[in-house]
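Everything below concerns the one structure shown next.
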Amino acid sequence: MSKGPGIPASLLLGFALSCATSSEPRVQFVNVARELGMAFKHENGASKEKLMPETFGSGVAFIDYDNDGFTDIFFANGADLAHGKPSPGNALFRNLGNGKFEDITGKAGVAGNGMFATGATVADYDNDGYLDLFVTGYNSRQLFHNNGDGTFTDVTARAGVSGAGWSSSAAWLDYDRDGFLDLFVVRYLDYDIKNAPYCGYKQEGYRMYCDPQQFDGVPAQLFHNNRDGSFTDVSVKAGVSNRAGKGLGVAVGDIDLDGWPDIFVTNDGVRNFLYHNKRDGAFQDITYTAGTGFDTNGKAMAGMAVEIADFDGDGLPDVFLTAFSREYNTLFRNLGKLIFKDVTIQAGLESGFLTLAFGSKLFDYDSDGDLDIFCSNGHVTDNVELYDPQLAYKQSDLLYENIGGGRFKDVSAESGPAFRIKHVGRGAAVGDIDNDGDLDIVIADCGGTAMLYRNEGGNRNHWLAIKARGRESNRFGLGSKVRVTAGGVTQYREINPYGSYLSTSDMRLYVGLGKEEAAARLEIEWPLGKKQTLENVKADQILELDEANAR
């Protein structure tokens, strides 16, 4: 496997597999949310006052809260802020394992506090073996501790993670490698609904939502896990409290493979932040030297989602982010030595120029051995056609197939009826709802009903899924590095469900093997440094790896 910026290792595999499978039926995605019993409708509180939180939408999270091996789904919900009406409540749907979901929100106790919730992030912060849930929002946050009996308890105040301001995305990471997960919370704007200005033409029907440039940003927060159920705000000490930020998305990944997790934050209309872990409890903002703050034209983007993943198979984690209409969803290739290059055009991602993308995921939808790109689209301005006839409020989603050589092909129109739906997409996550080996997509719609795109045909190729069990490291092995060799090519992945926009994906790591019936070698490097190697691993199974077997 190449360690530098040379020819991607996935080139040969991608080419071989695309040739081998070109005559096969294309993977199709079908929206089965209603069919499976997922009756969730988002409340955005849309009003004539055009309050900015109304555009924000919400996040969605895969969470196997009861450890039955079938991943469940949580939706954060908004509220009617203009009229002071409380939220109708978040929703948790239990996966019954028979192709159906059941709404168990009330029993689980996660409906929320009636405030405007936005994001959802999942982790086992106390290493008790059960996944907990942190929900961000407009002037509201809630940390729900999983009691292990199908219920949750709101421990926000006791844990010390409450905070003012408008919180957006969040992610868990063990930034100091003590075996316990810490919490990074992105915040957006200093915005008061009681003093919201009028924006747009002063003509009937033309009032619009304001531009974020009219408001100050709010710094992100980093909470250190005290290992006793409580957290301490170390944002300033850690060097991540930057008031210039107007954060929307956050992703965690080890960008230089030094064993310590780094943080990437997308900002709305101002430069992005890339925080490199200094290994002493603090981070250094290396955005300018890394070349990830602006697009190839030196322009700050309206960044939404962000993903850290190795798209070209050279063993180095790259960065992908979604952006506003008339901006490109941008792909930064990792050249090594903490330097990145904008390769958006070379990669063939131009078709997203007129869309406004929020949730996104890099995942192998067809299990052919490389990472593809999904984007959930929808504008923020409900009357945008009055200002720009080429744009639309409701939009269809995008799917890019990785065709090898660092390039992608827009296959949205060929990938099933789900990609013909016009909607207002926001949060998005991927997970295997039926344990059949291919990844499905769940989307939170702004002001609309939830969508669940079932993957039909992604498991025609072979695959492996990895469920990690940490001992000295965090319980679910978040941050573990996995290298899978099959067909003479090594794929690099990191167990990390965060990124996208306001959302959390399946905790299990899925790796496509193409036509290979076994992986010749599988190596996992646990977050605290121990390694474990398996040879000749049979394909098409969910493999449970235990750090107790590592050295």
Side-chain angles (χ1 to χ4, degrees), residues 14-15 17-35 304-305 307 311 320 322-331 344-368 370-379 384-385 388-426 428-430 438-443 445-446 448-461 500-501 512:
F15 177 76
L17 291 174
S18 63
C19 291
T21 61
S22 58
S23 61
E24 295 180 355
R26 178 166 293 282
V27 174
Q28 301 288 287
F29 286 88
V30 179
N31 181 22
V32 295
R34 181 177 297 179
E35 173 188 331
M304 313 296 180
E307 289 281 300
F311 82 91
F320 174 78
T322 58
F324 208 75
S325 51
R326 298 196 181 279
E327 295 179 348
Y328 290 116
N329 299 323
T330 300
L331 183 61
T344 306
I345 303 302
Q346 299 95 309
L349 301 176
E350 302 95 325
S351 65
F353 186 66
L354 292 180
T355 65
L356 200 170
F358 278 87
S360 180
K361 209 66 198 165
L362 267 66
F363 73 111
D364 190 355
Y365 81 91
D366 51 2
S367 302
D368 68 349
D370 51 28
L371 293 175
D372 312 294
I373 299 175
F374 169 79
C375 298
S376 180
N377 300 322
H379 214 279
V384 66
E385 293 91 342
D388 190 337
Q390 286 189 296
L391 303 181
Y393 181 53
K394 292 186 176 182
Q395 303 174 4
S396 56
D397 298 325
L398 285 171
L399 182 65
Y400 291 99
E401 180 183 356
N402 192 329
I403 58 175
R407 288 190 56 80
F408 294 83
K409 176 186 177 182
D410 185 343
V411 295
S412 313
E414 311 160 43
S415 297
F419 286 91
R420 294 191 287 273
I421 299 172
K422 302 283 187 179
H423 67 112
V424 188
R426 292 297 185 261
V430 300
D438 52 29
L439 289 167
D440 312 292
I441 306 169
V442 64
I443 302 167
D445 194 81
C446 184
T449 56
M451 287 170 285
L452 180 57
Y453 295 175
R454 185 171 60 203
N455 185 326
E456 299 185 348
N459 57 5
R460 282 193 290 262
N461 283 318
S500 190
Y501 172 76

Backbone N or O of [Y] within a donor-acceptor pair of the [X] side chain at under 3.5 Å?
| X | Y | value |
| --- | --- | --- |
| N459 | D438 | no |
| S500 | A305 | no |
| D364 | D368 | yes |
| S376 | G359 | no |
| N31 | M451 | no |
| D440 | N455 | yes |
| E414 | V411 | no |
| R407 | N402 | no |
| N377 | S396 | yes |

Under 4.0 Å between a Lys/Arg side-chain N and an Asp/Glu carboxylate O for [X] and [Y]?
| X | Y | result |
| --- | --- | --- |
| K394 | E385 | no |
| D388 | R326 | yes |
| E401 | K409 | no |

Around atom CZ of R34, are there more than 12 heavy atoms from other residues, nucleotides or ligands closer than 6.0 Å?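 No, not enclosed.
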
Positive for side-chain contact (heavy atoms from CB on, under 4.5 Å) with L349, one of I373, L398, D410: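 By the side-chain contact (heavy atoms from CB on, under 4.5 Å) criterion, L349 pairs with just one of I373, L398, D410: I373.
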
As an exercise, state the distance from [atom1] of [X] to [atom2] of [Y], rounded to the nearest 0.5 Å.
| X | Y | atom1 | atom2 | result |
| --- | --- | --- | --- | --- |
| F408 | D372 | CZ | CG | 7.0 Å |
| S415 | F374 | OG | CZ | 11.0 Å |
| D397 | R420 | CG | CZ | 13.0 Å |
| Q28 | F419 | CD | CZ | 10.0 Å |
| S325 | L354 | OG | CG | 7.5 Å |
| Q395 | F358 | CD | CZ | 9.5 Å |

Does some side-chain heavy atom of [Y] sit less than 4.5 Å from a side-chain heavy atom of [X]?
| X | Y | result |
| --- | --- | --- |
| Q346 | L331 | no |
| Y400 | S351 | yes |
| N329 | C375 | yes |
| F353 | Y328 | yes |
| L391 | H379 | yes |
| V30 | E456 | yes |
| M304 | R426 | no |

If you apply the rule side chain to side chain contact (heavy atoms under 4.5 Å, CB included), what do you find for V27 with R460, and how did you get there? CA-CA 9 Å; V27 174; R460 282 193 290 262; 4.3 Å; yes

Return the orientation label for the Y365 and F29 ring planes: parallel under 30°, perpendicular over 60°, tilted otherwise.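 Tilted, since the angle between the ring planes falls between 30° and 60°.
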
Closest heavy-atom contact between I443 and G425?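 Heavy atoms only, the tightest pair is CG2-CA, 4.3 Å.
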
Take Y501 and S360 through the side chain to side chain contact (heavy atoms under 4.5 Å, CB included) test and state the conclusion after the steps. CA-CA 7 Å; Y501 172 76; S360 180; over 6 Å; no

